[in-house]
Visitor: 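Can you keep this structure in mind? I'll have questions shortly.
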Amino acid sequence: MIIIAFPVKNIHKYIENESYLYIEAPSGCSNCTYNGKLHRHGYYCRGVFIDNNCIDITIARVICPVCHKTHALIPDFLVPYFIYPLSVILTSLKKIFIKM
């Protein structure tokens, strides 16, 4: 499952500051009734198109200690299952609808 983890004002700062290391694990599992803190479970890389380049960013993962379901903590500039950040998607939609 995916959890939108925190607001990030600048994609490049997220990468430079290794912000994924400082994300606080959320409380509560959306898969079961567990209400405590989820446990850190590792990281994975995800490609994102920024400035006409594909850049790998690191995404933190957490796991529920009860049901063992893992969750990805993605920053709010990403859209789940899309390679383009939210800003690029919104700009593209704006250009399409303004031309209509």
Visitor: Evaluate Val48 against Ile11 for side chain to side chain contact (heavy atoms under 4.5 Å, CB included), listing each step before the verdict.
Guide: CA-CA 10 Å; Val48 178; Ile11 297 170; 5.8 Å; no
Visitor: Within a strict 4.5 Å, meaning less than it, do heavy atoms of the Ile63 and Thr70 side chains meet?
Guide: yes
Visitor: Side chain to side chain contact (heavy atoms under 4.5 Å, CB included) with Lys94: which residues, sequence neighbours excluded?
Guide: Ile98
Visitor: Nearest 0.5 Å please: distance from the CG atom of Leu78 over to the CZ atom of Arg46.
Guide: 4.5 Å
Visitor: Mind checking whether Phe77 and Tyr14 have parallel, tilted or perpendicular rings, split at 30° and 60°?
Guide: perpendicular
Visitor: So which heavy atom on Tyr43 is nearest to which on Leu21, and how close?
Guide: OH-CD2, 3.5 Å
Visitor: What are the two closest heavy atoms between Cys54 and Gly47, and how far apart are they?
Guide: SG-CA, 4.0 Å
Visitor: Excluding sequence neighbours, so at least two apart, what forms side chain to side chain donor-acceptor pair (under 3.5 Å) with Asn53?
Guide: none
Visitor: Write down the atom of Arg61, the atom of Tyr44, and the distance for their closest heavy-atom approach.
Guide: CD-CD2, 3.4 Å
Visitor: Would a 4.5 Å heavy-atom cut-off, applied to side chains only, mark Ile57 and Tyr20 as touching?
Guide: no
Visitor: Below 4.5 Å, heavy atoms only, C-beta onward: do His71 and Pro26 meet side chain to side chain?
Guide: no
Visitor: OG of Ser87 to CD1 of Ile50: how many Å apart, nearest 0.5 Å?
Guide: 8.0 Å
Visitor: Any side-chain heavy atom of Leu73 within less than 4.5 Å of one from Val62?
Guide: yes
Visitor: Nearest 0.5 Å please: distance from the NE2 atom of His68 over to the NE2 atom of His41.
Guide: 10.5 Å
Visitor: Which pair of non-hydrogen atoms, one from Ala72 and one from Ile59, has the smallest distance, and what is that distance?
Guide: CB-CG2, 4.1 Å
Visitor: Which atom pair, heavy atoms only, marks the closest approach of His39 to Tyr34?
Guide: NE2-OH, 4.5 Å
Visitor: Compare every heavy atom of Thr58 with every heavy atom of Cys45, then report the nearest pair and how far apart it is.
Guide: SG-OG1, 4.2 Å
Visitor: Got Phe82 and Ile89 here, is their nearest side-chain heavy-atom distance under 4.5 Å?
Guide: yes
Visitor: Output all residues satisfying salt bridge (Lys or Arg N to Asp or Glu O under 4.0 Å) with Lys37, sequence neighbours left out; order by chain, then residue number.
Guide: Glu24
Visitor: Less than 4.5 Å apart, any side-chain heavy atom of Pro75 and any of Ser19?
Guide: no
